[in-house]
Amino acid sequence: AYAHLGCMGALQREDLLLHVSGLAGSSAGSLAGAFLASGGRVLDDTAQELALHSDMQVVTTTGERRWEVLDPGLGFGVLKGEGMEAEYAKCLAPTFEKLILPFACTVWSARTGRT
């Protein structure tokens, strides 16, 4: 998702996201798309020099807070997922209806093996 957000930052810097009418993504692209559809900003438009927007603090500090975010435990996988869910709640709209841009994403089900 970091590379996707970097690309989105470059598009934002060139004002190529101003007239976007909707977003779609899959896998890590769905996280970047959901971030932007939720109103997240990658770059700080008010800074004199190239700088990250404060919306990006959740993303850029994840490594420092890895044990808060990663929650190993028994379940379907090796992580319970509660830490990641809490992180996403900080920067993503809670429902599709609350997004500021139309957004679509795809998911793969490990249970059924289908998208």
Side-chain angles (χ1 to χ4, degrees):
Y2 290 112
H4 292 79
L5 288 170
C7 177
M8 295 297 181
L11 294 171
Q12 179 188 338
R13 182 185 65 217
E14 300 299 322
D15 291 331
L16 297 173
L17 296 176
L18 293 176
H19 304 291
V20 170
S21 58
L23 295 164
S26 64
S27 195
S30 65
L31 292 175
F35 176 79
L36 292 174
S38 294
R41 303 288 293 163
V42 178
L43 300 177
D44 185 348
D45 296 331
T46 63
Q48 294 294 323
E49 296 184 17
L50 192 61
L52 290 176
H53 192 277
S54 60
D55 290 348
M56 290 296 294
Q57 185 161 359
V58 169
V59 176
T60 59
T61 61
T62 302
E64 299 162 15
R65 298 174 297 104
R66 71 180 60 74
W67 297 116
E68 294 173 40
V69 177
L70 300 176
D71 49 359
L74 299 175
F76 192 62
V78 295
L79 301 176
K80 291 185 276 186
E82 294 166 2
M84 290 303 296
E85 189 173 336
E87 287 299 297
Y88 296 146
K90 293 177 187 176
C91 59
L92 302 179
T95 66
F96 280 85
E97 293 78 22
K98 302 253 185 214
L99 295 171
I100 64 167
L101 284 172
F103 175 68
C105 62
T106 58
V107 249
W108 179 78
S109 169
R111 186 176 56 80
T112 64
R114 294 184 158 179
T115 299

Could you go through the side-chain contact (heavy atoms from CB on, under 4.5 Å) check for L36 and L23 one step at a time?
CA-CA 8 Å; L36 292 174; L23 295 164; 3.7 Å; yes
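Taking both residues in full, the closest heavy atoms of L43 and G9 are given as CD1-O, 3.1 Å, listed atom of the first, atom of the second, then distance. A37 approaches F103 most closely through the heavy-atom pair CB-CB, 3.8 Å.
Taking CE from M8 and CG from L17, the interatomic distance works out to 6.5 Å, rounded to the nearest 0.5 Å. One distance of note links NE2 of H53 with CE of M56; it measures 11.0 Å at 0.5 Å rounding. Rounding to the nearest 0.5 Å places CZ of F35 at 9.5 Å from CZ of R41.
Of the possible donor and acceptor atoms, none in the side chain of D44 sits under 3.5 Å from a partner among the backbone N and O of A51. Put simply, the side chain of Q12 gets close to the backbone of V42: a donor and an acceptor are under 3.5 Å apart. Judged by distance alone, the side chain of S38 and the main-chain N or O of L92 form no donor-acceptor pair under 3.5 Å.
Proximity of P94 to Y88: side-chain heavy atoms (C-beta onward) are nowhere separated by under 4.5 Å.
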